[in-house]
Peer 1: 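My structure is below; once you've seen it, I'll send some questions.
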Amino acid sequence: MKIVVLDGYSANPGDLSWDALKELGDLTVYPRTSTKQIVECSKEADIILLNKVKITKEVIEKLPKLKYIGILATGYNIVDTAYARERGIVVSNIPAYSTDSVVQMTFAHILNITNQVGHYAELVRNNRWSSSKDFCFWDTPLTELSGKTMGIVGLGNIGMRVATIARQFGMDVFALTSKESANLPSGIQKTTLNGLLSIADILSLHCPLNQNTNQLINAERLAMMKPGSILINTGRGQLVDEEAVAHALATGRLSGYGADVMAIEPPSKDNPLLKQPHAFFTPHIAWASKEARTRLISVAIENVKAFIEGRPQNIV
């Protein structure tokens, strides 16, 4: 069984091991694979694993030996799953491996915006505190989370955990969710998108990207949000209209935008959001803790093993 990993570096830059995967077949691991290289690298493969490499219908048509596609992530919009099914190719993903890490990053962004930790750490490093006339100083608003309203779009594994932690901070939690109100934990109230936008002090996005959620947060919906509210996006960059978010920051409609994702990654240097002082970004690393990546590779290997044994799992 020929196994090819097309972009192994992001999941495993060298601190983890592919040895267990080697035991399942003839393994080749490419750190990165460009669009032009996909077919050449995969033409002999029975199994391919990938993180962000796009597997289109046109690619699949050129890979007659391909039997299995393992996505080294939860989202699977990079693969033409409908055509893969038509060809009898099994596609699986890695569900819920990074929940704790993404939730942690969500609150890292929230706390950075409300407490300005990075800003003050830099000022102290530059001797602002050392030259202060008082025992303390601050030059930005400092915001307490208790009593504020957290709005959450999507109550999957991550959204539900965010809601639980927000409650521990003393926040009122409202959510846009397909779940029935009667099935929600105490303290989480279901509402509409318009209702959510109108009451949230902090709005956090945890829904999948699809045709209904692409640019879900646009200029019209940003105008419905409370002046000075905070927007958090650790889901997908395309959930927001980035130009509209940049404008909302520039006009004060938003007081902060914290994101781990952008619509195009890496972003172009002229992305308008990068010029906004109240926009804070991490480079799509919420999933990348060593603990989460260890789980990812472990489940990916179990997915391959299950497929080889004729009992495929985590099929999408």
Side-chain angles (χ1 to χ4, degrees), residues 10 13-15 98 100-152 158 161-162 164-173 200-205 222 225-235 237 240 242-243 245-262 265-293:
S10 57
D15 56 346
S98 63
D100 290 337
S101 292
V102 176
V103 171
Q104 183 173 315
M105 183 64 79
T106 298
F107 280 95
H109 276 288
I110 291 171
L111 294 170
N112 178 59
I113 292 171
T114 57
N115 291 69
Q116 294 289 305
V117 175
H119 168 73
Y120 287 108
E122 186 66 20
L123 290 182
V124 171
R125 188 174 293 110
N126 292 330
N127 297 318
R128 172 74 180 275
W129 198 9
S130 299
S131 59
S132 176
K133 295 180 181 180
D134 303 298
F135 77 93
C136 67
F137 73 91
W138 64 92
D139 57 8
T140 67
L142 300 171
T143 303
E144 191 173 86
L145 293 181
S146 182
K148 300 298 188 296
T149 297
M150 170 70 90
I152 300 174
I158 295 171
R161 191 73 62 84
V162 168
T164 300
I165 294 173
R167 289 288 296 152
Q168 294 301 311
F169 271 109
M171 302 185 75
D172 298 318
V173 178
D201 295 300
I202 300 174
L203 182 68
S204 194
L205 307 179
L222 286 163
M225 295 181 67
K226 296 169 67 173
S229 54
I230 294 168
L231 179 62
I232 304 293
N233 185 7
T234 54
V240 308
E242 292 182 337
E243 288 192 10
V245 172
H247 180 73
L249 288 165
T251 59
R253 169 61 60 176
L254 291 176
S255 65
Y257 178 57
D260 185 58
V261 288
M262 299 193 79
E265 296 173 346
S268 63
K269 294 179 181 179
D270 60 355
N271 187 302
L273 274 172
L274 298 182
K275 301 176 183 177
Q276 292 301 319
H278 297 296
F280 304 92
F281 297 97
T282 45
H284 205 144
I285 56 172
W287 67 281
S289 68
K290 187 173 183 179
E291 294 85 353
R293 290 184 294 107

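Positions are given from 1, in the same order as the sequence printed here. The analysis underlying the following values was restricted to heavy atoms, covering all of them including side chains, and did not include hydrogens, waters or symmetry mates. Since the model is a prediction, treat every value here as computed from it, not as a measurement.
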Peer 1: Contact between Ile202 and Met171 at the side-chain level, heavy atoms closer than 4.5 Å - yes or no?
Peer 2: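 Yes - at least one pair of side-chain heavy atoms lies under 4.5 Å apart.
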Peer 1: Closest heavy-atom contact between Lys226 and Asp201?
Peer 2: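 Nearest heavy atoms, Lys226 then Asp201: NZ-OD1, 2.7 Å.
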Peer 1: Between Thr234 and Asp260, do the side chains contain an N or O donor and an N or O acceptor separated by less than 3.5 Å?
Peer 2: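 The answer is no; no qualifying pair exists.
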Peer 1: To the nearest 0.5 angstrom, please state how far the OG atom of Ser98 sits from the CE atom of Met105.
Peer 2: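 It is 11.0 Å, given to the nearest 0.5 Å.
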Peer 1: List the atom of Asn115, the atom of Leu142, and the distance in Å for their closest heavy-atom pair.
Peer 2: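 Smallest interatomic distance, heavy atoms only, reads O-CD2, 3.8 Å.
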Peer 1: Is the shortest side-chain heavy-atom distance between Asn126 and Leu123 below 4.5 Å?
Peer 2: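 When only atoms from C-beta onward are counted, Leu123 and Asn126 do not touch, as no gap falls below 4.5 Å.
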Peer 1: Flag yes if more than 12 heavy atoms outside Glu243 fall under 6.0 Å of its CD atom; otherwise flag no.
Peer 2: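 Atom CD in Glu243 is not crowded, with 12 or fewer foreign heavy atoms closer than 6.0 Å.
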Peer 1: Got a second to check how far Ile113's CD1 is from Leu231's CG, nearest 0.5 Å?
Peer 2: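 With rounding to 0.5 Å, CD1 (Ile113) is 8.5 Å from CG (Leu231).
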Peer 1: I'd like to check Leu222 versus Val240 (side-chain heavy atoms, cut-off strictly below 4.5 Å). Are they in contact?
Peer 2: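 A side-chain contact is absent here, since even the closest heavy-atom pair is not under 4.5 Å.
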Peer 1: What do you reckon, is CD of Gln276 surrounded by more than 12 foreign heavy atoms closer than 6.0 Å?
Peer 2: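 Check passes, neighbour count above 12.
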Peer 1: Does CD in Glu265 sit with more than 12 non-hydrogen atoms of other residues, nucleotides or ligands closer than 6.0 Å?
Peer 2: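 Check passes, neighbour count above 12.
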Peer 1: Heavy atoms, side chains only, cut-off 4.5 Å: are His109 and Tyr257 in contact?
Peer 2: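 Heavy-atom side-chain distance check fails, nothing below 4.5 Å.
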Peer 1: Can you name the one residue among Leu203, Val245, Ile230 that meets side chain to side chain contact (heavy atoms under 4.5 Å, CB included) with Leu254?
Peer 2: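 Exactly one option meets the side chain to side chain contact (heavy atoms under 4.5 Å, CB included) with Leu254, and it is Val245.
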Peer 1: Search all heavy atoms of Val162 against all heavy atoms of Phe107 and return the closest pair with its distance.
Peer 2: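 It is O-CZ, 3.6 Å.
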Peer 1: Which distance, rounded to the nearest 0.5 Å, do you find between the CE of Met262 and the OG1 of Thr282?
Peer 2: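 Going from the CE atom of Met262 to the OG1 atom of Thr282 covers 11.0 Å.
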Peer 1: Do Val117 and Leu111 come within less than 4.5 Å of each other through their side chains, counting heavy atoms only?
Peer 2: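 In short, these two side chains do not touch, never coming nearer than 4.5 Å.
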Peer 1: Set out, in order, the CA-CA distance, both residues' side-chain angles and the distance that settles side chain to side chain contact (heavy atoms under 4.5 Å, CB included) for Met150 and Ile110, then state yes or no.
Peer 2: CA-CA 11 Å; Met150 170 70 90; Ile110 291 171; 3.5 Å; yes
Peer 1: Could you state the interatomic distance from CZ (Phe280) to NE2 (His119), rounded to the nearest 0.5 Å?
Peer 2: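 One finds 9.0 Å between CZ of Phe280 and NE2 of His119.
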Peer 1: Would you check if Glu291 and Asp100 make a side-chain contact, meaning some heavy-atom pair closer than 4.5 Å?
Peer 2: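 No, every pair of side-chain atoms sits at 4.5 Å or beyond.
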Peer 1: Calculate, to the nearest 0.5 Å, the distance between atoms CH2 and CD belonging to Trp138 and Gln116 respectively.
Peer 2: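 One finds 14.5 Å between CH2 of Trp138 and CD of Gln116.
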Peer 1: Could you go through Leu274 and Lys269, starting from their C-alpha distance and side-chain angles, then the distance that decides it, and tell me whether this counts as side chain to side chain contact (heavy atoms under 4.5 Å, CB included)?
Peer 2: CA-CA 8 Å; Leu274 298 182; Lys269 294 179 181 179; 5.6 Å; no
Peer 1: For Trp287 and Ser10, which heavy atoms make the closest approach, and how far apart are they?
Peer 2: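 Result for this residue pair: CH2-O, 3.3 Å.
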Peer 1: Between Asn271 and Phe281, does a side chain to side chain contact (heavy atoms under 4.5 Å, CB included) hold up when you go through it step by step?
Peer 2: CA-CA 12 Å; Asn271 187 302; Phe281 297 97; 5.9 Å; no
Peer 1: Do Asp139 and Arg128 make a side-chain contact, defined as non-hydrogen atoms from C-beta onward lying under 4.5 Å apart?
Peer 2: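 Yes, their side chains come closer than 4.5 Å.
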Peer 1: Distance check, rounded to the nearest 0.5 Å: Arg161 atom CZ versus Thr106 atom OG1?
Peer 2: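 So the gap between those two atoms works out to 11.5 Å.
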Peer 1: For a side chain to side chain contact (heavy atoms under 4.5 Å, CB included) check, start with the C-alpha distance between Lys148 and Thr143, then their side-chain angles and the critical distance, and finish with the verdict.
Peer 2: CA-CA 9 Å; Lys148 300 298 188 296; Thr143 303; 3.9 Å; yes
Peer 1: Does His278 have more than 12 heavy atoms from other residues, nucleotides or ligands lying within 6.0 Å of its NE2?
Peer 2: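 No, the 6.0 Å shell around NE2 holds no more than 12 heavy atoms from other groups.
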Peer 1: Are Phe137 and Ser131 packed together at the side-chain level, in the sense that at least one heavy-atom pair is separated by less than 4.5 angstrom?
Peer 2: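 The answer is no, as the side chains (C-beta and beyond) never meet within the 4.5 Å cut-off.
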Peer 1: Could you pull out all residues at least two apart from Asp134 that satisfy side-chain hydrogen bond (donor to acceptor under 3.5 Å, both in side chains)?
Peer 2: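 Result, side-chain hydrogen bond (donor to acceptor under 3.5 Å, both in side chains) vs Asp134: none returned.
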Peer 1: Considering non-hydrogen atoms only, spot the tightest contact between Ala200 and Ser229 and give its length.
Peer 2: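 So the two residues come closest at O-CB, 3.7 Å.
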